[in-house]
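Please read these numbers as outputs of a predicted model, since none were measured by experiment. Every heavy atom of this structure was used, including side-chain atoms; hydrogens, water molecules and symmetry mates were not.
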Amino acid sequence: MRVDFYQLSRDPVDQVVALLARKVLGAGAKLLVVSGDLAAHEAISKTLWAQDGSAFLAHGPAGGPHDARQPILLSDSCSAANGATMAILADGKWREDAAQFERVLLLFGPEDTAAARDLWRTMSGDDTRDLHIFKQTPDGAWREGR
């Protein structure tokens with residue numbers, strides 16, 4: 001299982017989720033976006049629908065009648081009724097049941113850096129987890145780093 005830590009420093013969560021979601025869908029995979037914050041669900045949903053003039057990213061909230069058909073499902077848990085193989089933990093909180101996914105992208109802001117470092121240390125002792133960290137540059141690009 002691969003875990004990518006994304007350290008947010010410039011762009012808000014909803015914009016980063018949209019950027020990453022476009023890449024996931026472009027790779028032919030389905031996505032689960034997890035956040036315990038319902039206000040974040042609203043912001044992410046609005047951003048996924050309005051992609052700066054480009055095609056919207058189809059999605060829906062978990063618990064609907066068409067969950068299995070959704071390419072992107074927004075949820076407060078790691079239950080992927082759409083069969084997603086990738087998950088974005090948009091609220092920066094690790095959930096052990098995220099281990100069911102092939103790849104997890106953990107987004108965290110400056111206020112969660114210490115918790116993310118602790119999680120990295122804990123996970124780095126597990127040979128079944130391939131850890132990567134990405135940091136945002138001042139111009140908005142992402143680079144893999146330490």
Side-chain angles (χ1 to χ4, degrees), residues 1-38 40-49 51-52 54-64 66-137 140-146:
M1 172 184 140
R2 178 172 168 157
V3 181
D4 293 341
F5 288 70
Y6 278 83
Q7 184 176 8
L8 307 182
S9 60
R10 190 191 95 146
D11 295 335
V13 168
D14 59 312
Q15 290 179 11
V16 175
V17 167
L19 172 78
L20 296 171
R22 185 167 301 285
K23 291 181 179 192
V24 170
L25 295 182
K30 287 188 173 184
L31 177 66
L32 180 70
V33 178
V34 181
S35 178
D37 180 358
L38 294 181
H41 284 226
E42 275 297 311
I44 290 167
S45 182
K46 286 179 183 176
T47 301
L48 292 174
W49 282 120
Q51 282 296 287
D52 297 327
S54 60
F56 70 92
L57 296 169
H59 66 282
H66 304 291
D67 283 1
R69 295 185 1 205
Q70 295 293 345
I72 302 170
L73 198 58
L74 306 178
S75 181
D76 62 355
S77 74
C78 288
S79 178
N82 65 345
T85 57
M86 294 183 66
I88 294 176
L89 303 180
D91 60 6
K93 293 178 178 43
W94 178 256
R95 295 146 173 90
E96 280 306 316
D97 52 351
Q100 67 183 302
F101 297 96
E102 292 174 14
R103 189 169 179 185
V104 178
L105 302 100
L106 176 72
L107 310 184
F108 66 95
E111 67 282 358
D112 297 318
T113 300
R117 283 185 183 138
D118 289 344
L119 180 61
W120 179 282
R121 280 188 216 102
T122 300
M123 287 185 167
S124 63
D126 182 347
D127 292 344
T128 65
R129 295 185 177 165
D130 181 21
L131 306 180
H132 298 261
I133 186 156
F134 295 87
K135 298 178 181 182
Q136 195 169 31
T137 64
W142 290 91
R143 67 174 173 80
E144 190 167 359
R146 282 193 95 38

Looking at Ala81 and Leu73, what are the two nearest heavy atoms and their distance?
-> N-CD2, 3.9 Å
Give the minimum heavy-atom separation between Leu89 and Ala98, together with the two atoms involved.
-> CD1-CB, 4.3 Å
Salt bridge (charged side-chain N to carboxylate O under 4.0 Å, His left out): which pairs involve residues 67-76, sequence neighbours left out?
-> none
Residues that Glu42 engages under side-chain contact (heavy atoms from CB on, under 4.5 Å), provided they are two or more places apart | Lys46
Not counting sequence neighbours, which residues clear ring-ring contact (aromatic ring centres under 6.0 Å, His included) with His41? List them please.
-> none
When rounded to the nearest 0.5 angstrom, what distance separates CD in Gln7 from NZ in Lys135?
-> 5.5 Å
In terms of heavy-atom contacts, Phe134 and Trp142 come closest through O-CZ3, 3.7 Å
Rounded to the nearest 0.5 Å, what's the gap from CD1 on Ile72 to CG on Leu74? Could you check?
-> 7.5 Å
To the nearest 0.5 Å, tell me how far Leu25 CG sits from Met86 CE.
-> 10.0 Å
Quick one: list whatever passes salt bridge (charged side-chain N to carboxylate O under 4.0 Å, His left out) with Arg2, sequence neighbours left out.
-> Asp4
Solution key, residues 106-118 side-chain donor-acceptor pairs under 3.5 Å, sequence neighbours excluded:
unit_1	atom_1	unit_2	atom_2	d
Thr113	OG1	Pro110	O	3.1
Asp118	OD1	Arg121	NH1	2.7

Rounded distance [0.5 Å steps], CE in Met1 versus OG1 in Thr128 | 7.5 Å
Contacts satisfying side chain to side chain donor-acceptor pair (under 3.5 Å) that involve residues 81-91 (not counting sequence neighbours) are Asp91-Arg95
Of all residues at least two apart in sequence or in a different chain, which pass the side-chain contact (heavy atoms from CB on, under 4.5 Å) check with Ala58?
-> Phe56, Pro71
Under the ring-ring contact (aromatic ring centres under 6.0 Å, His included) test, which residues partner Phe101, sequence neighbours left out?
-> none
Test salt bridge (charged side-chain N to carboxylate O under 4.0 Å, His left out) applied to Asp126 - qualifying residues, sequence neighbours left out | Arg129
Partner residues of Thr137 under the side chain to side chain donor-acceptor pair (under 3.5 Å) criterion, sequence neighbours left out = Asp139
With Ala40 via side-chain contact (heavy atoms from CB on, under 4.5 Å) - residues at least two apart | Ser35, Asp37
Qualifying ring pair (Phe, Tyr, Trp, His ring centres under 6.0 Å) pairs, either residue in residues 10-31, two or more places apart | none
